[in-house]
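All chains are named by letter (A, B, ...) in the order of the sequence lines, taking the proteins before the strands, and each is independently numbered beginning at 1. Basis for what follows: all heavy atoms, side chains included, without hydrogens, waters or symmetry-related copies.
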Amino acid sequence: MENTNNMELNPQEKAEAILTKVIDFILEDGKVQIVDQEGNDSIILEIKTSNPGMIIGRHGHTLDALQYIINIIVNKGINEPERRKIIIDIEGYRKRREDIVSKYAQEKAEIVKRSGKKVALCFMNAVERRIVHLVLQEDPLIITYSEGTEPYRRVIIAPREKENNKEEL
Amino acid sequence: MKELIELIIKGIVDKPDKIEISQVVGEKTLIFEVKVDPDDLGKVIGRQGRNIKSIRTIINAAAQKDNKRVIIEIIN
């Protein structure tokens, strides 16, 4: 027997319905739109509002909490291969963060290359740390790795050590 | 506020009819005492408290517009 909680809704409809209900408690004018995704298994929902700060929260904490809880609710009772990842965005916030984090990572990488010393970035969540690793992975002069325990985990950018460097020292 | 807590917790537990939420009103702070089926306790709290922490974050976003702070206690 199917779970009656689902009421025949597919995961996308379920995510849209629950998110709409939750944001109605936080926003006066919140609307949820489904973002068309090509060749993507994730469900992307975008919140439209005149007051995005209420949902984003400090450092995006509220948006992340919302996305985390909606993922649990929609995927409850569904086994691994069938689970759908739900990404919640609001007024282009995630794209904007991606641009900011990429730029910040590249600036810090330049400092590492100039000084030859490693640099610790600010604390970030897993999604943003991943952006840093991806942006800098092609650079032959530096390496990146993460250090610390969430929520105090951060990326370290260090000069890539050359084999002969060690011998000279 | 109580409706929002109920909506979220109902969505994550297996036995939604066992949820009991009672409210203690303070001046600036609303305290909600939540009781769930013992088997659902882990789902509400989550690994390293991640679920309850996320619930608290969302509820406090909703409380912000009324200039209130919300405390959620699990009292199993």
Side-chain angles (χ1 to χ4, degrees), chain A residues 1 3-7 9 11 13-30 47 49-78 83 86 88 90 93 125-126 148-153, chain B residues 1-23 25 28-32 34 36-74 76:
Chain A
M1 283 288 116
N3 185 347
T4 48
N5 260 347
N6 281 327
M7 290 193 289
L9 292 181
E13 290 164 338
K14 204 176 161 191
E16 187 187 11
I18 183 85
L19 180 61
T20 303
K21 278 191 201 164
V22 172
I23 65 168
D24 272 349
F25 284 95
I26 306 174
L27 298 168
E28 309 277 331
D29 65 347
I47 302 168
T49 173
S50 62
N51 197 357
M54 291 289 281
I55 296 282
I56 295 168
R58 257 207 302 168
H59 306 302
H61 283 330
T62 309
L63 183 61
D64 289 340
L66 197 56
Q67 177 172 303
Y68 177 74
I69 288 292
I70 301 288
N71 269 280
I72 294 177
I73 295 176
V74 174
N75 286 311
K76 196 177 112 57
I78 300 172
R83 286 190 185 175
I86 298 149
I88 301 175
I90 176 160
Y93 174 78
N125 64 26
T149 320
E150 304 248 26
Y152 303 110
R153 193 164 166 79
Chain B
M1 212 58 64
K2 186 179 170 184
E3 293 89 340
L4 179 56
I5 298 171
E6 202 174 329
L7 174 72
I8 294 173
I9 294 179
K10 265 190 176 162
I12 61 181
V13 298
D14 286 329
K15 293 169 185 163
D17 42 329
K18 293 280 176 65
I19 301 169
E20 286 172 40
I21 304 174
S22 52
Q23 184 180 349
V25 188
K28 274 241 154 197
T29 312
L30 303 174
I31 302 168
F32 291 94
V34 176
V36 296
D37 188 275
D39 293 339
D40 281 330
L41 205 51
K43 295 197 179 66
V44 176
I45 294 167
R47 247 201 301 167
Q48 295 181 323
R50 193 171 170 193
N51 297 11
I52 186 65
K53 203 175 151 212
S54 295
I55 295 169
R56 287 181 176 131
T57 303
I58 296 166
I59 303 299
N60 274 300
Q64 224 184 325
K65 66 169 190 257
D66 307 326
N67 242 331
K68 296 258 186 202
R69 265 180 48 78
V70 174
I71 294 171
I72 303 173
E73 297 286 358
I74 313 290
N76 272 63

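- Counting all heavy atoms, side chain and backbone alike, B:Ile58 lies closest to A:Leu66 at CD1-CA, 3.7 Å.
- Between the side chain of A:Lys21 and the main chain of B:Ile8, no donor-acceptor pair closer than 3.5 Å is present.
- When side chains are defined from C-beta on, A:Asp24 does not count as touching B:Leu4, because their heavy atoms never get closer than 4.5 Å.
- Of the listed residues (A:Thr62, A:Ile70, A:Asp64), the one with the most heavy-atom contacts under 4.5 Å to chain B is A:Thr62.
- Taking both residues in full, the closest heavy atoms of A:Tyr68 and B:Ser54 are given as CD2-OG, 3.4 Å, listed atom of the first, atom of the second, then distance.
- With values rounded to the nearest 0.5 angstrom, A:Asn75 atom CG is found 13.5 Å from B:Ile12 atom CD1.
- The distance from atom CG of A:Leu63 to atom OG1 of B:Thr57, rounded to the nearest 0.5 Å, is 11.5 Å.
- In terms of heavy-atom proximity, A:Ile26 sits nearest to B:Ala61 at CG2-O, 3.9 Å.
- Taking CD of B:Gln48 as the start and OG1 of A:Thr149 as the end, the distance is 9.0 Å to the nearest 0.5 Å.
- Within the 4.5 angstrom heavy-atom criterion, atoms from both the backbone and the side chain of B:Asp14 approach chain A.
- The greatest number of non-hydrogen atom pairs below 4.5 Å with chain A, out of B:Arg56, B:Arg50, B:Met1, is found for B:Arg50.
- Between B:Lys65 atom NZ and A:Leu27 atom CG the span is 7.5 Å, to the nearest 0.5 Å.
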